[in-house]
Amino acid sequence: MLSEFSVKEKKILSEHFSNTDGNVFAIITPQQVDRGALMSRYSRTDKSMRRIFLDEFLKNKNRGEEFYNRVLLEYGDDSVAELGEAQIAIEGLSNIAVKKIEDRRIGLSYLEKSSRYVAWNKKENGVYRFYRDPEIMKSKFADMYEETCNFSFDVYSKNIQPMVNYVREKYPIEKYNFKDSNDGKEKPFSKLRNESDIKSANMIYKGSTKAKALDILRGLLPASTLTNVGITGNGRAFEYLLTVLGSSDLKEEQDLASKIKKELDKIIKSFVRRADDKHGKAFQKYLKNIKNKSKTTSKQIKSNPKIGTRTKLVDYESEKIAIDKIITSIIYEQSPSTSYQDILQQVKKMPMKNKTKIIDEFAKLRTNRRHRPSRAFENIYYTFDLYNNFGMFRDFHRHRALTLERQLLTTDHGYNIPNEIKILGIEKDFKDCMDKTKVTFDKIRKKYPEQGQYVVNFAYNYPYFMKFNLREACHLLELRTVPQGHVDYRKVAQQMFEQINKVHPNLSKIMKFVDMKEYDLERFESEKRTEEKRKKLK
């Protein structure tokens, strides 16, 4: 078959596409705006993409920019903004701001600094790294705020090594088995003879025990604690993120919108241009109106704060109805010329034992937790009302294939003290920290309800609800009960499974890999696997 391109054209194309003849190729032309514009232009012509590049883009270096100006600004075709992608790193933002960013579920992916692998006790220029909100710092609450956050960090910092020592004393290295490289068998630490094996065992043990200690202490950290987050996403999602941040009442989030926009303008300017133009400003106003209307509407309900933790399934369908919907959806895909309604009516007449057998057969097909159930299992939803500590919420918050609504972070719902805190003898310090926070928060909130969130510790209980389908329940509950998970969210995920199993005993069989066990050192087996992979790379 003759090539579409001449030798000269191929030479040019080789610098902009991964190959010049194949029907599958990557676009490697350096300008992001051109890559996106080529993809979009591609859908409006019968020319091949490489021919479009030669005819329309090669001679006009501004062709991509001109294309987006016309399509996005003149026609408002939002979908083409998804063709521009960027990666942004943000360092030194509070745990309040990072949650606002991560509320955006579609089009963005996040990687955030961990609170279990990294100690947050370092100072910068002699001061702890926490956000100092301008509104608070110029108010009469400035000294109280600073003192309270410093106290939280002091209690956290001074107890890191004592907690590490306690964990290692309670879970000594001699209690655990490690791989012997001589015969490949798991052996007690005392039986290891190879120097490399002993070194690896110590590395595994130290990593898992330090993670355990930091897990226990993280409740002392205030929400003002500065973290880092990396964001990968498309222009459309970034544009919405900028609009949301710009409509915030918090100065930190408003400033982040400006800073992120400035950096995005350097790489995908055409894709986020509307974020701060008249369209963006109008959208910001709309978002503020929604917030204000929600506040007005909420006044019809009497406030009734609950103290303590809560994991309660509050909304679901009967299992009979749920099973009928799922089986109908299973059958529908492979039943051409038959309507959903016709299938549903026939399924309703099937004996229940036949229907539960179908569910059992689909459960057997899953041999590991990465074998997701089919989309048929998305037809049934569960809503959970939750009060868990804010530190734990941060982990659940990362799940985006669900509906999650949350309230402001306050001290209204109390806190829980880990048993290890009591055993180590620092319960008084922990309580003093929480009490001091509550006094400060209660004073700040009267004038600055949103800014007051910054001072609240991770240990305080936080109200939110989650609504997800059965397919997502498999992913969420199986993932959040893996042995290396934090004990707090493992417990809540296990409670969720128990409640779903109670109301849907047949359907819950699809969640085959929920781990209901308890573990001493949650990170231990994971650290061992990581070390094995590390050895293979050497």
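Atoms considered below: every heavy atom in the structure, side chains included; atoms not considered: hydrogens, waters and symmetry mates.
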Verify side-chain contact (heavy atoms from CB on, under 4.5 Å) between Arg523 and Lys212, making sure each step is shown before the conclusion. CA-CA 8 Å; Arg523 288 292 312 171; Lys212 176 81 171 180; over 6 Å; no
Which residues satisfy the ring-ring contact (aromatic ring centres under 6.0 Å, His included) test with Tyr166, sequence neighbours excluded? none
With distance as the sole criterion, is a donor-acceptor pair present between the side chains of Glu527 and Ser208 under 3.5 Å? no
Can you name the residues that form a salt bridge (Lys or Arg N to Asp or Glu O under 4.0 Å) with Lys179, not counting sequence neighbours? Glu532
Hey, is OH on Tyr332 packed in by over 12 heavy atoms from elsewhere, all under 6.0 Å? no
Check: Phe468 ring centre within less than 6.0 Å of Tyr381 ring centre: no
Side chains of Ser94 and Glu252, donor plus acceptor under 3.5 Å: yes
Pairing of Lys306 and Asp385 as salt bridge, 4.0 angstrom limit: no
Quick test of your reading of the model: are Glu253 and Lys100 salt-bridged, counting only N-O distances below 4.0 Å? yes
Do the side chains of Thr209 and Met163 get nearer than 4.5 Å, heavy atoms only? no
Side chains of Asn457 and Ser152: do they bring a donor and an acceptor to under 3.5 Å? yes
Can you name the residues that form a ring-ring contact (aromatic ring centres under 6.0 Å, His included) with Tyr176, not counting sequence neighbours? Phe524
Mind running side-chain hydrogen bond (donor to acceptor under 3.5 Å, both in side chains) on His399 and Arg480 for me, showing each step along the way? CA-CA 10 Å; His399 292 269; Arg480 290 307 181 188; 2.9 Å; yes
SB check Asp249 Lys288 (cutoff 4.0 Å): no
With a 4.5 Å heavy-atom cut-off, do Glu518 and Lys491 have their side chains touching? no
Is any side-chain heavy atom of Glu333 less than 4.5 Å from a side-chain heavy atom of Arg375? no
In Å and rounded to the nearest 0.5 Å, what is the CD1 to NZ distance from Ile327 to Lys348? 13.0 Å
Side chains of Asn389 and Asp488, donor plus acceptor under 3.5 Å: yes
Heavy-atom nearest pair, Thr311 first then Met496, reads CG2-CG, 3.9 Å
Nearest 0.5 Å, what's the CZ-CG distance between Arg398 and Leu404? 13.0 Å
Short question: side chain of Thr243, backbone of Glu239 - any donor-acceptor pair under 3.5 Å? yes
Between Phe465 and Leu386, does the side-chain contact (heavy atoms from CB on, under 4.5 Å) criterion hold? Intermediate values first, please. CA-CA 6 Å; Phe465 78 78; Leu386 298 153; over 6 Å; no
I'd like to know if Asp133 and Lys251 make a salt bridge, using a cut-off of under 4.0 Å between side-chain N and carboxylate O. no
Are Arg490 and Thr481 close enough that a side-chain donor and a side-chain acceptor fall under 3.5 Å? no
Carefully, step by step, assess Ile101 and Leu93 under the rule side-chain contact (heavy atoms from CB on, under 4.5 Å). CA-CA 10 Å; Ile101 289 172; Leu93 74 163; 3.7 Å; yes
If the threshold is 4.0 Å, N to carboxylate O, is there a salt bridge linking Lys436 and Asp432? no
State, with a plain yes or no, whether a side-chain heavy atom of Arg104 is found less than 4.5 Å away from one of Phe238. no
For a 4.5 angstrom cut-off between non-hydrogen side-chain atoms, does Thr410 reach Phe441? yes
Check Lys431 with Glu427, please: is the shortest side-chain N to carboxylate O separation under 4.0 Å? yes
Tightest non-hydrogen contact, residues Gly414 and Ile307, listed as N-CD1, 4.0 Å
Tell me whether Lys438 is salt-bridged to Asp442, with the criterion being a basic N under 4.0 Å from an acidic carboxylate O. yes
Validation row: Thr225, Arg129 side chains within 4.5 angstrom (heavy atoms): no
Whether the Glu169 and Asn165 side chains hold a donor-acceptor pair (N or O, under 3.5 Å, no angle test) is what I'd like checked. no
Thinking salt bridges, do Asp520 and Lys175 make one under a 4.0 Å N-O criterion? yes
Is the closest side-chain donor-acceptor distance between Ser508 and Asn501 under 3.5 Å? yes
Indicate whether the side chain of Gln451 and that of Tyr145 have a donor and an acceptor atom separated by less than 3.5 Å. no
Quick check for you: to the nearest 0.5 Å, what is the distance between Ile500 atom CD1 and Glu319 atom CD? 11.5 Å
Enclosure of Tyr340 OH (heavy-atom neighbours >12, cutoff 6.0 Å): yes
Counting distance only, does the side-chain N/O of Asn159 pair as donor-acceptor with the main-chain N or O of Ile426 below 3.5 Å? no
His475 and Arg369: side chain donor to acceptor below 3.5 Å: no
Suppose the criterion is ring-ring contact (aromatic ring centres under 6.0 Å, His included): which pairs have a residue in residues 488-514, not counting sequence neighbours? Tyr382-His504
Could you tell me which residues satisfy ring-ring contact (aromatic ring centres under 6.0 Å, His included) with Phe377, sequence neighbours excluded, listed by chain and number? none
Are Pro483 and Asp515 close enough that some pair of their side-chain heavy atoms sits under 4.5 Å apart? yes
Check this for me, if you would: do Glu112 and Arg394 make a salt bridge, where the nitrogen-to-carboxylate-oxygen distance has to be below 4.0 angstrom? yes
Would the Phe390 and Tyr460 ring centres measure less than 6.0 Å apart? no
Donor-acceptor contact below 3.5 Å, side chain Glu478 vs main chain Lys512: yes
Are Glu450 and Arg445 within salt-bridge range, i.e. N to O under 4.0 Å? no
Does anything in residues 465-474 form a side-chain hydrogen bond (donor to acceptor under 3.5 Å, both in side chains)? List the pairs, not counting sequence neighbours. Glu378-Arg471
Is Arg132 positioned over the aromatic face of Phe130, cation under 6.0 angstrom from the ring centre and no more than 45 degrees off axis? yes
Centre-to-centre under 6.0 Å for Phe283 and Tyr240, is that the case here? yes
Output, in order, the C-alpha distance, side-chain angles, deciding distance and verdict of side-chain contact (heavy atoms from CB on, under 4.5 Å) for Lys191 and Asp180. CA-CA 9 Å; Lys191 300 288 186 181; Asp180 186 328; over 6 Å; no
Tell me whether the rings of Trp120 and Phe458 are parallel (<30°), tilted (30 to 60°) or perpendicular (>60°). perpendicular
Is any side-chain heavy atom of Asp324 closer than 4.5 Å to one of Met350? no
Roughly how far, to the nearest 0.5 Å, is CG of Asn461 from OH of Tyr387? 10.0 Å
Does Lys422, at its NZ atom, have more than 12 non-hydrogen atoms belonging to other residues, nucleotides or ligands within less than 6.0 Å? yes
Between the side chains of Lys528 and Glu525, is the shortest nitrogen-to-carboxylate-oxygen separation below 4.0 Å, so that they form an ion pair? yes
